[in-house]
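Because the structure is a prediction, the values reported are computed rather than measured. First the proteins, then the strands, lettered A, B, ... as listed; each starts at 1.
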Amino acid sequence: MTPEQILRDALRDAAVALGAPADFQPQLERPRDPSFGDWASNAAMLLARHLKRKPLEIAQDLVTRLDVAKAGVSEAYVAGAGFINFRLAAGAEARGLVDILAGGSTFGRSNEGEQRVVNVEFVSANPTGPLHVGHGRQAAIGDAISTLLEWTGWKVTREFYYNDAGVQIANLARSVQARVRELTTGVAEIPEGGYHGEYIREIARDYVAAHPGDAAGSDLEAIRAFAVSALRHEQDKDLQAFGVKFDVYYLESSLYTDGKVEETVRMLVEGGHAFEKDGALWLRTTDYGDDKDRVMRKSDGTYTYFLPDVAYHLVKWRRGFTRAINVQGADHHSTVTRVRAGVQALGMGIPQGYPEYELHQMVTVMRAGEEVKISKRAGSYVTVRDLIDEVGRDAVRYFLLMRKSDSQLVFDVDVARAQSEENPVYYIQMAHARVCGIFRVGEIDATAITGLNVGWGALVEDDERELVKALLGFPALVTAAARTLSPHLVASYLLETARLVHTWYHKHHVLGEPEPILSARLALARAAQLVLANGLSILGISAPERM
RNA sequence: GCGCCAGUAGCUCAGUUGGAUAGAGCGGCAGCCUUCUAAGCUGUAGGUCGGGGGUUCGAUUCCCUCCUGGCGCGCCA
């Protein structure tokens, strides 16, 4: 048992003896300020109301009844409004480092998901242009969430949904067609709602080169297929440069060719949730909390985007994904209610919160002190590729992950580039590299360190005890981040842990120290190396051994 | 007008079921390299946690209200 578990049990027993409910669960936390001890509990405050006594008195009674010698407690005392603080003897917690050393690259993993399956859909950009920085945020978040779920025992399928059907694709095809004709006529008539980017011109040139018989651009279907293929290829290259891999690419068009859309309509109509009005077919989404009903088949016979979305999630469910997470931009938040409504209306007993949505706020790109307007149609935006080329994959990943999804993100390209030597990701990587340097210079095989014969009591410095606590907290951090789908917690944790590593490294030497300090510090260095590398890998960031 | 998200140091942002003296990076100031990487460390300055109410032993955290910003409110996606 860890000291934490022993303390919790002892607190519960003492509290029950004082009259607390038998199911009382005392909470232990790491005090922000190390001067408040290694562990602290607010149990007395929580019991104050139930016992109708002052927190301070209860705390005092609890302390006198506690049997915590087993946990290595050197001191237990009451402080503040009724906190009980525990200070542990040197080495009492450091003993736990053997778990890190034994766990190695798997330390921090758990099996909370019990190998259940989950589908994580992200990026899902229309193949109408290169991936911009907003897609980059989705890629970074989606990939990190997927990894977090894998670390906590879920079987994850990373999925990319291609909206390769519908109005936007038609606009794309006609835009390319216009550029093809421009090559011979010199006049470009970009259609209403069309795309103006320079890449459209390039696709047009490539199309003509590949289809010399259609210099007039009369075969719109061929142009469409060519353009979609070209852009998918470009997006694949962007994702490859970013280091993101998908297990499944699902094509919206297949929902039509496989009859899934028709089947979905049939199910909704038969379920009695659809009605005709103004020549269109509507779904009564107000039955499921929407503020107005939604059209699913327009009066011209085509479908609105949301019907294939419902069909898609029907397919996801049937594929066995009892859990599905969609990572999308906040500009899609109106779809949440209606897609869920559609899924509910299918009457298949799919849970109400299906699918889950992880919406992230918008990314603003600053360049030269001015906001870069992101507009694919106007052809002005910053692509994922641009950012990777300018500041590197690791820095882009970290910057896009360091903020919680709910925060708007300002990505200042100039700052990211100019400060690339002093930004957080390098700080974290440097901490890892410095620790690696110890083993390299000392010519020590770090992988052979087990900690089994280490005298942990040698780790007496405050700096190393703080580091030990942080490292041991990694598994709980991973679990919390996975539960709340919050990769930014990992980013914050790594920054704080790197700070502790740098401080410790700077103040206390390892090589050349006498035993038992040498062995204990080598074990601590190895543990730090493993935790930093594991945390970085969750975010998809490399952990270089030297910089 | 309605809905969702946010407002914390000069800037960009963390803050884990409500906890003790609210933190980090960058920027500012003052220091530290014959010792495992100075891409580092130490110290210091900088805050009415948007304003105002409420809930309680205790509120940056929960509730109400107002202000400001972003996003959405389509037979677009």
Side-chain angles (χ1 to χ4, degrees), chain A residues 27 29-33 35-36 40 42 44-46 48-49 54-56 79-83 85 126 128 163 166-169 171 193 252 277-282 291-292 294-306 308-309 329-337 359-362 364 399 402-412 415 418-424 426-427 429-431 433-442 444 473 476-477 480-481 483-484 486 488-489 491-493 495-496 499 501-513 521 525 546-547:
Chain A
Q27 295 301 308
E29 60 182 19
R30 293 289 194 182
R32 292 187 198 285
D33 187 336
S35 71
F36 291 136
N42 62 351
M45 281 102 108
L46 297 178
R49 177 171 297 178
K54 292 178 182 173
L56 271 174
F83 289 97
N85 294 342
N126 293 353
T128 55
N163 295 104
V167 177
Q168 299 305 328
I169 297 300
N171 287 342
E252 180 190 4
K277 192 179 98 181
D278 303 334
L281 184 65
W282 299 63
D291 56 350
K292 61 181 84 163
R294 307 291 170 177
V295 170
M296 49 184 175
R297 190 175 60 212
K298 294 180 265 185
S299 52
D300 68 1
T302 62
Y303 297 101
T304 57
Y305 76 95
F306 113 88
D309 264 11
D331 54 339
H332 285 73
H333 80 75
S334 63
T335 74
V336 174
T337 306
L359 301 182
H360 67 81
Q361 294 294 318
M362 301 290 95
T364 306
F399 271 72
M402 66 197 289
R403 310 306 181 203
K404 63 183 174 197
S405 310
D406 283 341
S407 289
Q408 289 163 224
L409 181 64
V410 176
F411 200 118
D412 190 320
V415 169
Q419 298 182 345
S420 64
E421 290 186 356
E422 293 185 3
N423 68 37
Y426 289 96
Y427 184 85
Q429 290 178 320
M430 188 62 202
R434 287 178 110 180
V435 169
C436 290
I438 296 173
F439 300 117
R440 185 172 56 247
V441 172
I444 293 163
L477 179 280
R483 266 187 211 147
T484 56
S486 304
H488 81 277
L489 293 178
S492 297
Y493 169 86
L495 191 61
E496 171 64 15
R499 194 180 66 76
V501 168
H502 280 303
T503 299
W504 171 75
Y505 177 94
H506 183 263
K507 286 192 192 170
H508 310 290
H509 268 252
V510 177
L511 300 177
E513 293 294 311
R521 287 189 178 164
R546 60 199 311 168
M547 296 175 74

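Every residue was checked against the salt bridge (charged side-chain N to carboxylate O under 4.0 Å, His left out) condition with A:Lys298, not counting sequence neighbours, and none meets it. Listed by chain and residue number, nothing satisfies the side chain to side chain contact (heavy atoms under 4.5 Å, CB included) test with A:Asp278 (two or more places apart in sequence, or in another chain). Contacts of A:Glu496 classified as salt bridge (charged side-chain N to carboxylate O under 4.0 Å, His left out), with partners at least two apart in sequence or in another chain: A:Arg499. When the salt bridge (charged side-chain N to carboxylate O under 4.0 Å, His left out) test is applied to A:Asp331, no partner is found at least two apart in sequence or on another chain. Partners of A:Tyr505 by ring pair (Phe, Tyr, Trp, His ring centres under 6.0 Å), not counting sequence neighbours: none found. When the ring pair (Phe, Tyr, Trp, His ring centres under 6.0 Å) test is applied to A:His488, no partner is found at least two apart in sequence or on another chain. Every side chain to side chain contact (heavy atoms under 4.5 Å, CB included) that A:Thr335 has, sequence neighbours left out, goes to A:Tyr305, A:Gln328, A:His332, A:Val339, A:Tyr357. Checked against ring pair (Phe, Tyr, Trp, His ring centres under 6.0 Å), A:Tyr493 has the following partners two or more places apart in sequence or in another chain: A:Phe474.
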(request) Both distances under 3.5 Å, Watson-Crick or G-U wobble: on that basis, could you give the dot-bracket string for RNA chain B, with [ ] for crossing pairs and | for other-strand partners? (result) (((((((..((((.....[...)))).(((((.......))))).....(((((..]....))))))))))))....
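The side chain of A:Thr503 approaches B:U42 more closely than any other nucleotide in the set B:G40, B:G15, B:U42. Distance from the side chain of A:Val410 is smallest for B:U12 among the nucleotides B:A77, B:U17, B:U12. Closest approach to the A:Leu495 side chain among B:A20, B:G25, B:G15 is made by B:G25 (side chain taken as heavy atoms from C-beta onward). Checked against B:G72, B:G70, B:U37, the side chain of A:Met362 finds its nearest nucleotide in B:G70. When each of B:U37, B:C36, B:G19 is scored by its nearest atom to the side-chain atoms of A:Arg434, the top-ranked nucleotide is B:U37. Nearest to the side-chain atoms of A:Thr304 among the listed nucleotides B:A77, B:U42, B:G15 stands B:A77. Nearest nucleotide to the A:Asn126 side chain, out of B:A14, B:A77, B:C71: B:A77. Counting only heavy atoms from C-beta on, A:Tyr505 has its side chain closest to B:U37 among B:A20, B:U42, B:U37.
As rounded to whole Å, 10 Å separates atom C1' of B:A39 from atom OH of A:Tyr426. Rounded to a whole Å, the CG atom of A:Leu56 is 19 Å from the P atom of B:G19. Rounding to whole angstrom units, OH of residue A:Tyr427 and P of B:A38 are separated by 13 Å. Distance, A:His332 NE2 to B:G70 P: 20 Å, rounded to whole Å. The distance between atom NE2 of A:His488 and atom C1' of B:A24, rounded to the nearest whole Å, is 13 Å. A:Arg294 has its CZ atom 7 Å from the P atom of B:G74, to the nearest Å. A:Arg30 has its CZ atom 17 Å from the C1' atom of B:G19, to the nearest Å. In this structure, A:Arg499 places its CZ atom 16 Å from C1' of B:C26, rounding to the nearest Å.
Checked by distance alone, A:Asn42 brings a side-chain donor or acceptor within 3.5 Å of a matching partner on the base of B:G19. The base of B:A20 sits with one of its N or O atoms less than 3.5 Å from a complementary donor or acceptor on the side chain of A:Asn85.
Within the nucleic acid shown, A:Val510 comes within 4.0 Å of at least one base atom, counting heavy atoms only. Nucleic acid contact for A:Arg297: none, since no nucleic acid atom lies under 4.0 Å from a heavy atom of the residue. Among the protein residues, A:Gln27 comes within range of the nucleic acid bases, having at least one heavy atom under 4.0 Å from a base atom. A:Leu477 comes within 4.0 angstrom of no nucleic acid atom, judged by non-hydrogen atoms across all strands. A:Asp278 comes within contact range of at least one nucleobase, with a heavy-atom separation under 4.0 Å. Within 4.0 Å of A:Ala280, counting heavy atoms only, lies at least one base atom of the nucleic acid. Counting non-hydrogen atoms under 4.0 angstrom, A:Gly442 reaches nothing in the nucleic acid. As judged by a 4.0 angstrom heavy-atom cut-off over every strand, A:Ala40 is placed among the base-contacting residues.
Between A:Phe36 and B:A20, a base-stacking contact is recorded: ring centres under 5.5 Å apart, planes less than 30° from parallel. Judged by ring centres under 5.5 Å apart and planes tilted less than 30 degrees, A:Phe83 stacks against the six-membered base ring of B:A20.
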Taking only N/O atoms, report every protein-nucleotides 57-60 of chain B pair under 3.5 Å with atom names and distance.
none

Pairwise N/O distances under 3.5 Å, protein to nucleotides 31-35 of chain B:
unit_1, atom_1, unit_2, atom_2, d
B:U35, O2, A:His509, NE2, 3.4

(message) I'd like to compare against my own output: the B/S/- annotation of nucleotides 2-11 of chain B with a strict under-4.0 Å heavy-atom distance to protein.
(response) -B-SS-----
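The separation of B:G70 from B:U8, taken at their P atoms, amounts to 15 Å, rounded to a whole angstrom. On the C1' atoms, B:C49 is 10 Å away from B:G7, given to the nearest whole Å. With C1' as the reference atom, B:C11 and B:G54 are 34 Å apart, rounded to whole Å. Across the C1' atoms, B:G51 and B:G43 are found 36 Å apart, a figure rounded to whole Å. B:G10 and B:G46 have their C1' atoms separated by 8 Å, with the value rounded to a whole Å. Comparing the C1' positions of B:U12 and B:U17 gives an interatomic distance of 29 Å, to the nearest angstrom. B:A20 and B:U61: their P atoms are spaced 13 Å apart (whole Å). For the P atom pair drawn from B:G50 and B:C13, the interatomic distance equals 15 Å after rounding to whole Å.
With rounding to the nearest 0.5 angstrom, the CZ atom of A:Arg521 is 9.5 Å from the NE2 atom of A:His509.
For the pair A:Phe83 and A:Asn42, the minimum side-chain heavy-atom distance is below 4.5 Å. The shortest side-chain heavy-atom distance between A:Trp504 and A:Val510 falls under the 4.5 Å cut-off. Between A:Ile438 and A:Leu511 there is a side-chain heavy-atom pair separated by less than 4.5 Å. The side-chain heavy atoms of A:His502 and A:Met430, taken from C-beta on, include a pair separated by under 4.5 Å.
In this structure, A:Lys292 and A:Arg546 both approach RNA chain B, and ranking their closest nucleotides by distance from the 5' end singles out A:Arg546. The nearest heavy atom of RNA chain B to A:His508 and to A:Lys277 marks one nucleotide each, and the one closer to the 5' end goes with A:His508.
Taking the syn range as angles within 90° of 0, the glycosidic angle of B:C57 is outside it, so the base is anti.
A pairwise comparison of heavy atoms in A:Met362 and A:Ala330 identifies CE-N, 3.5 Å as the closest pair.
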